[in-house]
Amino acid sequence: MDISIHTVALPHDDPDASVAFYRDILGFEVRSDVGKGSMRWITVGPVGRPDTSILLAPPAADPGITDDERRTIAEMMAKGTYGWILLATHDLDATFEEVQSKDAEVVQEPTEQPYGIRDCAFRDPAGNLIRIQELR
């Protein structure tokens with residue numbers, strides 16, 4: 001079987017702020033931006049890596065979600081406990097310094113984890129946790 005990860009989805013509650021974060025702070029390219037107002041589906045990804053993308057999508061856009069579920073999702077996003085992603089870099093210190101210098105919200109500075117990974121963490125404008133691991 002030949003399966004790969006092509007796109008993962010993260011919620012957004014402010015499409016313009018999300019685009020600015022992923023494009024201007026992380027350096028990703030915007031590949032598509034469809035919809036209007038807050039109901040926009042935006043695909044971003046690393047420059048030169050068309051095989052890997054993040055879909056930034058309005059949360060709870062599914063018509064089958066109840067009002068209570070929408071409230072729960074909004075509450076979790078506000079607390080930063082709804083969405084997260086793991087990214088990777090060969091130079092964690094340089095990446096951390098660059099992202100931090102662009103005023104991203106720092107959650108954790110580069111740290112050697114007890115389970116053998118060295119990483120750091122930021123939050124995007126929607127509260128999603130962005131962990132960046134060092135490739136070794």
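Both backbone and side-chain heavy atoms feed into the values below; hydrogens, waters and symmetry mates do not.
Two rings, from Phe21 and Phe122, have their centers 6.0 Å or more apart.
For Arg123 (side chain) and Gly80 (main-chain N/O), a donor-acceptor pair under 3.5 Å exists by modelled atom type.
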Check your understanding: Can you check side-chain contact (heavy atoms from CB on, under 4.5 Å) on Val99 and Leu26, steps first, answer last?
Key -> CA-CA 7 Å; Val99 173; Leu26 293 185; 3.9 Å; yes
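Under the side chain to side chain contact (heavy atoms under 4.5 Å, CB included) criterion, Ile5 pairs with Val8, not counting sequence neighbours. Residues forming a side chain to side chain donor-acceptor pair (under 3.5 Å) with Asp93 (at least two apart in sequence, or on another chain): Arg118. For the side chain to side chain donor-acceptor pair (under 3.5 Å) test, residues two or more places apart in sequence or in another chain that qualify with Thr111 are Gln108. Scored by the salt bridge (charged side-chain N to carboxylate O under 4.0 Å, His left out) test, Arg71 finds Asp68 as partners (sequence neighbours excluded). For Glu75, there are no salt bridge (charged side-chain N to carboxylate O under 4.0 Å, His left out) partners at least two apart in sequence or on another chain. Listed by chain and residue number, nothing satisfies the ring pair (Phe, Tyr, Trp, His ring centres under 6.0 Å) test with Phe28 (two or more places apart in sequence, or in another chain). The side chain to side chain donor-acceptor pair (under 3.5 Å) check on Asp67 picks up nothing, with sequence neighbours excluded. Listed by chain and number, the residues in a side chain to side chain donor-acceptor pair (under 3.5 Å) with Glu69 are Thr66 (sequence neighbours excluded).
Hydrophobic clustering keeps Met76 apart from Ile85 (ILVMFWY residues linked when any side-chain heavy atoms are closer than 4.5 Å, directly or through intermediates). Cluster annotation: Val106 and Ile132 are assigned to the same hydrophobic cluster (Ile/Leu/Val/Met/Phe/Trp/Tyr, side-chain heavy-atom contacts under 4.5 Å, transitive). Met39 and Ile73 are assigned to two separate hydrophobic clusters, defined by single-linkage of ILVMFWY side chains at heavy-atom distances under 4.5 Å. Note on Val107: it clusters hydrophobically with Leu86, by side-chain heavy-atom contacts below 4.5 Å among ILVMFWY residues. Under a hydrophobic-cluster definition in which Ile, Leu, Val, Met, Phe, Trp and Tyr are linked whenever side-chain heavy atoms come within less than 4.5 Å, directly or via other members, Val30 and Leu10 are assigned to the same cluster.
Between the CD1 atom of Ile130 and the CG atom of Asn128 there is a distance of 5.5 Å, given to the nearest 0.5 Å. Between Glu134 atom CD and Asp91 atom CG the span is 7.0 Å, to the nearest 0.5 Å. To the nearest 0.5 Å, atoms CD (Glu105) and CG (Leu129) are separated by 9.5 Å. Within the model, atoms NZ of Lys102 and CD of Glu97 stand 12.5 Å from one another, a figure rounded to the nearest 0.5 Å.
Other residues, nucleotides and ligands contribute only 12 or fewer heavy atoms inside 6.0 Å of the CH2 atom of Trp84. The environment of Asp62 atom CG is dense: over 12 non-hydrogen atoms of other residues, nucleotides or ligands sit within 6.0 angstrom.
Scanning all heavy atoms of the two residues, the minimum distance from Arg136 to Ile117 falls at NH2-C, 4.5 Å. The two residues Pro15 and Gly37 come nearest to each other via the heavy atoms CG-O, 3.4 Å. The minimum heavy-atom distance linking Pro11 with Pro59 is given by the pair CB-CB, 3.9 Å.
Pairs passing the side-chain hydrogen bond (donor to acceptor under 3.5 Å, both in side chains) check and including a residue from residues 9-20, sequence neighbours excluded, read Asp16-Arg40. Evaluation of the salt bridge (charged side-chain N to carboxylate O under 4.0 Å, His left out) test over residues 18-27, restricted to residues two or more places apart or in two chains, returns none. The stretch residues 43-64 participates, sequence neighbours left out, in no ring pair (Phe, Tyr, Trp, His ring centres under 6.0 Å) pair at all.
With 3.5 Å as the limit, one finds a donor-acceptor pair spanning the side chains of Tyr22 and Asp124.
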Report all side-chain donor-acceptor pairs from residues 42-56 shorter than 3.5 Å, counting only partners two or more places apart or in another chain.
unit_1	atom_1	unit_2	atom_2	d
Thr43	OG1	Ser32	OG	3.1
Ser53	OG	Arg31	NH1	2.7

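By the 4.5 Å heavy-atom criterion applied to side chains, Leu92 and Cys120 are counted as neighbours.
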